[in-house]
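Since the structure comes first, as structure tokens, the remarks are kept for the end.
Being a predicted model, the structure only gives us computed values, none of them experimental. Every number for a ligand or one of its atoms is a count from 1 in the order of the listing.
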Amino acid sequence: MLETTIDIKPSPSELRGFDILHHPRMNKSTAFTAAERDALGLVGLLPEGIESEETQIQRIMQQLGHKTIDLDKYIYLSALQDNDETLYYKVLMSDPALFMPLVYTPTVGEACQKFGHILRRPKGLYLSIARRGQIEEILRNWPEQDVRFIVVTDGERILGLGDLGVNGMGIPIGKLALYTACAGVPPQFTLPITLDVGTNNETLLTDPLYLGLRQPRVRGDEYDAFIEEFVMAVQEVFPKCCIQFEDFANFHAVPILEHYRDRVCCFNDDIQGTAAVAVAGILAGLRLTGGKMSDQTFLFFGAGSAGTGIAELLSQVMIQEGLSAEQARARCWLFNRKGLLQSSRTDLADFQQPFAHPHAPIDDFVAAIADLKPTAIIGVSTVAKAFNQAVIEAMTRINPWPIIFPYSNPTSHSECTAQEAYKWSGGRAVFASGSPFAPVKYGNQTFVPGQGNNVYIFPAMGMAIYATQAKRVTDEMFITAAKAVAEQVTQSDLDVGLIYPPQSEILKTSLHVAQKVAENIFDSNLAGVTKPTDLRTFIESQVYKPEYKSLV
Ligand code: NAD
């Protein structure tokens with residue numbers, strides 16, 4: 001007997017009437033033309049008034065303006081995404097600097113904490129460990145057949161907020177919205193996924209509105225086998241897909257990346273994206289402080305996946321400048337709960353070992369600064385206020401222009417505020433933070449604090465990978481991205497202390513970065529398509545435009 005495959009998913013172009021209005025990618029809401037209303041059975045389902053997109057946006061801005069709480073704005077925008085995807089992206093892309101903090105950090109942190117309470121309509125895919133053996137089948141439930149980008153979390157280390165179980169789904173959803181809004185990756189190719197392996201968060205386990213498995217997290221071989229099943233199922237169902245691992249606990253994030261980075265197209269934004277954005281900030285910061293990367297000494301407060309990832313990529317840049325791997329890593333020192341990482345410590349994980357150099361134990365961060373004389377301190381600890389007055393003053397005593405990067409998110413976990421860094425350094429800090437801070441007036445100067453937001457890196461990386469159908473993601477691609485971000489910081493940005501390009505121009509910035517990364521992908525023979533003659537035009541031709549398509 002001949003086997004036939006019957007595709008039972010209706011194609012969006014076959015939809016009519018009510019179903020179109022409830023298909024977020026097809027819906028134009030009040031902007032359907034008279035001809036479309038007649039042809040698609042929409043007459044009467046909409047009021048007679050036919051609106052332009054501009055009028056629709058005006059209404060949205062007015063409704064948003066009535067909301068005073070950011071979480072309410074998040075909920076409103078999320079509902080808009082469910083209702084009319086084109087309009088959602090049109091709104092986001094009209095002012096990315098305004099909307100990014102609402103659809104992603106910092107607001108998404110609170111949204112995740114309250115996810116089960118604010119849920120309207122589920123988005124994305126939930127893959128539960130209770131469904132082992134069925135993951136490939138579940139992936140096929142997704143309505144799109146050509147997925148190119150998955151952001152996946154297991155919810156164990158959401159931002160700096162810890163284990164939020166399936167509430168972590170807010171992160172893949174928000175992050176993928178930025179792939180589209182900030183670099184033009186078409187949304188139909190993206191898929192948010194949460195792996196539900198339980199949660200150890202007691203508050204969630206006893207919350208009647210919690211939506212995930214009510215069991216402790218599965219660990220060990222069973223967990224590893226589940227990850228393997230997931231990664232292999234993606235290769236099978238979506239063979240052109242890149243997997244971005246997000247907000248896994250560091251003891252999973254690092255081994256997962258090591259295990260899969262040479263086998264499939266994947267990366268970990270907490271490790272590699274963070275590293276690249278920090279490298280970009282340091283490279284631009286060096287234009288203010290003077291000196292080369294290989295002249296610097298870095299001291300990290302926090303030695304988890306972000307800290308070790310940044311230290312490794314900084315080392316790679318120093319290696320490109322001519323240092324040996326050993327010399328480069330020797331310029332990166334890390335400090336965690338138990339003090340300075342040094343070679344006599346017996347409690348370190350494998351991924352921390354390269355940065356455990358011979359040194360006497362030090363358990364006081366100010367003492368470590370005085371002793372190691374870092375030119376830059378980078379906070380990736382989730383410990384609010386760890387960069388106190390004594391820390392900033394110690395940095396300012398030994399550096400004319402101390403580089404101070406409190407990178408922990410969300411804002412409430414930042415190691416210091418911009419105000420504190422400028423005040424305690426007498427206006428000399430070269431500052432960037434993980435969460436946004438408003439401009440700071442100090443003396444006669446107004447400083448504009450840069451946000452070392454991974455958004456400068458991952459959407460552009462996504463666009464480059466999508467456009468070139470890259471087969472692997474390498475560290476060299478991230479260094480290329482970092483340099484491409486830093487070179488877009490202008491002298492007038494630097495004049496106000498800003499060491500990242502303005503977020504208001506993120507799409508332009510991202511396309512430049514995507515082009516540079518795509519060049520690197522072609523040069524490394526990692527592309528799945530033939531190199532076009534004009535790479536920039538090629539990339540621009542693939543950028544998603546939030547415009548309604550004619551349906552008749
Ligand atoms: P992680 O849990 O892997 O690492 C945290 C590290 O901080 C651990 O080494 C821990 O020992 C250390 N630490 C905790 N408390 C400490 C204390 N009291 N004293 C000294 N060290 C302490 O987390 P991660 O993935 O490395 O992320 C850390 C932070 O960086 C998070 O807040 C995250 O939001 C932030 N981050 C920011 C960006 C960005 O802004 N671009 C990107 C990624 C991560």
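- Near F301, with a cut-off below 4.0 Å to any heavy atom, the atoms of ligand 1 are 19 (N), 20 (C).
- Taking every non-hydrogen atom of G302 and a distance limit under 4.0 Å, the qualifying atoms of ligand 1 come out as 6 (C), 7 (O), 9 (O), 12 (C).
- Looking only at heavy atoms of the protein, atom 31 (C) of ligand 1 is closest to T382 CG2, 3.5 Å.
- Two rings, from F300 and F355, have their centers 6.0 Å or more apart.
- The protein heavy-atom contact nearest to atom 10 (C) of ligand 1 is R337 NH1, 3.9 Å.
- Contacts of R157 with ligand 1, taken as heavy-atom pairs under 4.0 Å, involve the side chain alone.
- Taking only nitrogen or oxygen atoms, main chain and side chain alike, A306 reaches within less than 3.5 Å of ligand 1.
- In terms of polar-atom proximity, defined here as any N/O pair under 3.5 Å, S305 does make such a contact with ligand 1.
- Y407 O, 3.5 Å is the protein heavy atom nearest to atom 35 (C) of ligand 1.
- Residue-ligand proximity, N336 to ligand 1, at heavy-atom distances under 4.0 Å covers atoms 9 (O), 11 (O), 20 (C), 21 (N).
- When only non-hydrogen protein atoms are considered, atom 29 (C) of ligand 1 lies nearest to S408 OG, 3.5 Å.
- Below 30°, between 30° and 60°, or above 60°: for Y456 and Y500 the angle between ring planes is below 30°, a parallel geometry.
- For the residue pair H259/D224, the side-chain donor-acceptor check at 3.5 Å is not satisfied.
- Any N or O atom pair closer than 3.5 Å counts here, and G452 shares at least one such pair with ligand 1.
- The distance from atom CG of N167 to atom CG of N201, rounded to the nearest 0.5 Å, is 8.0 Å.
- Note: an N/O pair closer than 3.5 Å links A303 and ligand 1 by distance alone.
- Rounded to the nearest 0.5 angstrom, I404 CD1 and E415 CD are separated by 11.0 Å.
- Taking the six-membered ring for Trp and the full ring otherwise, the centers of F149 and Y466 sit at least 6.0 Å from each other.
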Would K483 and Q320 count as a side-chain contact (heavy atoms from CB on, under 4.5 Å) here? Give the steps.
CA-CA 12 Å; K483 289 180 176 169; Q320 284 187 350; 2.8 Å; yes
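- Which parts of ligand 1 touch V383 is read off a 4.0 Å heavy-atom cut-off, strictly below it: atoms 15 (N), 16 (C), 17 (C), 18 (N).
- Considering backbone and side-chain atoms together, N409 places an N or O closer than 3.5 Å to an N or O of ligand 1.
- Rounded to the nearest 0.5 Å, atoms CG (D154) and CG (L164) are 11.0 Å apart.
- Across all non-hydrogen atoms, the minimal contact from A303 to T308 is O-CG2, 3.9 Å.
- Listed by number with element, the atoms of ligand 1 under 4.0 Å from a non-hydrogen atom of G434 are 40 (O).
- When the options V254, N454, V380 are ranked by their closest heavy atom to atom 28 (C) of ligand 1, first place goes to V380.
- Residue-level proximity to ligand 1 for F365 is absent, since no heavy atom of it falls below 4.0 angstrom.
- Looking only at protein heavy atoms, the nearest one to atom 1 (P) of ligand 1 is N250 ND2, 3.6 Å.
- For M463 against I539, the heavy-atom pair with the smallest separation is CE-O, 3.7 Å.
- Note: an N/O pair closer than 3.5 Å links G304 and ligand 1 by distance alone.
- Residue Q352 has no nitrogen or oxygen atom sitting less than 3.5 Å from a nitrogen or oxygen atom of ligand 1, judged on distance alone.
- Between the side chain of S315 and the main chain of A311, a donor-acceptor pair closer than 3.5 Å is present.
- The shortest N or O to N or O distance between T274 and ligand 1 is not below 3.5 Å.
- Counting atoms of ligand 1 from 1 in the listed order, those under 4.0 Å from a heavy atom of S381 are 7 (O), 13 (N), 14 (C), 15 (N).
- The aromatic ring centres of F447 and F431 sit 6.0 Å or more apart.
- In the model, Y179 has a side-chain atom that pairs as donor or acceptor with a side-chain atom of Q244 under 3.5 Å.
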